[in-house]
Number of protein chains: 2
Amino acid sequence: MTTSPRPAAPPLTERQEARRRRILHTAAQLASRGGFEAVQMREVAELAGVALGTLYRYFPSKVHLLVATMQDQLQIFQEQTRKHPVEGEDPGARVADTLMRTFRGLQREPQLAEAMVRALTFADRSVSAEVDQVSRITGQLILDAMGLTEPPTREQLAAVRVIEHTWHSALVTWLSGRASIAQVRIDLETACKLLTL
Amino acid sequence: MTTSPRPAAPPLTERQEARRRRILHTAAQLASRGGFEAVQMREVAELAGVALGTLYRYFPSKVHLLVATMQDQLQIFQEQTRKHPVEGEDPGARVADTLMRTFRGLQREPQLAEAMVRALTFADRSVSAEVDQVSRITGQLILDAMGLTEPPTREQLAAVRVIEHTWHSALVTWLSGRASIAQVRIDLETACKLLTL
DNA sequence: CGCCACGCTGGAACGTGTTCTAGATTACCC
DNA sequence: GGGTAATCTAGAACACGTTCCAGCGTGGCG
């Protein structure tokens, strides 16, 4: 799996980078207000000061745009977590705590979270590279929290996958109002038991 | 949590029941061909022989329609599984096998699966009752496979939740082409280890 | 400096989910 | 059977994601 389908992104000029950031920022702002449906492409374009066609040149669909927003946010969380890792003896507990911390970060802007997660799960194959990237960051977040001194075992990697599934699905469940935060915590803790088998 | 938001569904006449089934059947058929995007409300209405407004009276949105389709399909799987439960000693293995069997059932109509699962994860709060129903059926499927002789313990229920999360998220991952069937099986087996702790 | 290729702009246009309306049909009650 | 309220029909209309196009800037190259 090389980077073949994406044509090796030509480097952006400064103005282009600025436009890209303006678009992402606008999208996040609109999403924070009204969630997925409040992110309307025409409005994003207008508020970001670009033409609709340009917006689509940068992000080929609304889903691409919101998944890119998620990448952005996750990376911020990741940096914060690396600067201030959670304390604790048990790796499982550290992972659960780290994810719960991220969770509370999302909770602070629930509408934004809704928009990003809806996009993430609604994404079809044309977005799979970007979604994969998000998945990779999440996995890395978990691995970081485990604080390994040696490469992870096969069993640990399998456990990480299940934790990631649980994290993702629990998020969806919470966003649709079908589970409480407390329930999410319990689910994550349950999944994290797999780390210390 | 009573059934208050849904006004206690007035019983349908025979003609109405037939219409409902015709709509569901048409939706499944279109989905089987071209997935989520091939289920177009106008076309469903036309092929099912009802007016567009009527379609919307029965299913208030495309997502509702497809989630109802999923309910339908899952119930069929559930009945089949109850008639022919999987063999085996280990409860964890039985659960994993049961879910993999259901998985292969979905695999037989991948486009239909795509449509139903996309709808399920895209559903917002207005569909949460229906999504919850799907979740309940899935949970029951797992509990059935465990073959309990006494009520499940708290730990078992927690494990079932994580297995359900894993099932759901693995399905999404497979549908978007980011995981193979083999990987899905591994993930499910990993999650099922939680049952025999 | 002149020219070219490329990116950007404004805006029209299209497709599909969803809503609305006016009138026909049906189901139910007396 | 007649009256009435609910349901169904056909079709227009609207909203928003997406595509497309013609022309304008702009930055780099001879």
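These numbers were taken from a predicted model, which means no experiment stands behind them. Just so it is clear: chains get the letters A, B, ... in the order the sequence lines come, proteins before strands, and each one is counted from 1.
For the OP1/OP2 pair of dC8(C) and a distance below 4.0 Å, the side-chain nitrogens and oxygens of Gln16(A) include at least one atom meeting the criterion. Applying the 4.0 Å criterion to OP1 and OP2 of dG7(C), one finds that Tyr58(A) has every side-chain N and O outside that range.
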Along nucleotides 15-22 of chain C, 5' to 3', which nucleotides get a B, which get an S, and which get a -, given that the test is a protein heavy-atom distance under 4.0 Å? -BBBB---
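Rounded to an integer number of Å, the gap from Leu66(A) CG to dG17(D) C1' is 12 Å. In this entry the distance linking NE2 of His64(A) with C1' of dG17(D) reads 14 Å, nearest Å. Between Glu46(B) atom CD and dT9(D) atom C1' the separation is 13 Å, expressed in whole Å. Rounded to a whole Å, the CD1 atom of Ile23(A) is 11 Å from the C1' atom of dC8(C).
Using a cut-off of 4.0 Å between Lys/Arg side-chain N and Asp/Glu carboxylate O, Arg185(B) and Glu189(B) are scored as salt-bridged. Salt-bridge check for Asp72(B) with Arg21(B): passed, with a basic side-chain N closer than 4.0 Å to an acidic carboxylate O.
Listed nucleotides: dC8(C), dT9(D), dA27(C). Nearest to the side chain of Arg15(B): dA27(C).
For the residue pair Arg104(B)/Gln107(B), the side-chain donor-acceptor check at 3.5 Å is not satisfied. Side-chain polar atoms of Ser176(A) and Arg178(A) form a donor-acceptor pair below 3.5 angstrom. Between the side chains of Arg19(B) and Gln16(B), not a single donor N or O lies within less than 3.5 Å of an accepting N or O.
In this structure, Phe59(B) reaches neither bases nor backbone, as no heavy-atom distance under 4.0 Å exists between it and the strands shown.
The minimum heavy-atom distance between Met41(B) and Leu55(B), with the atom names listed, is O-CD2, 3.3 Å.
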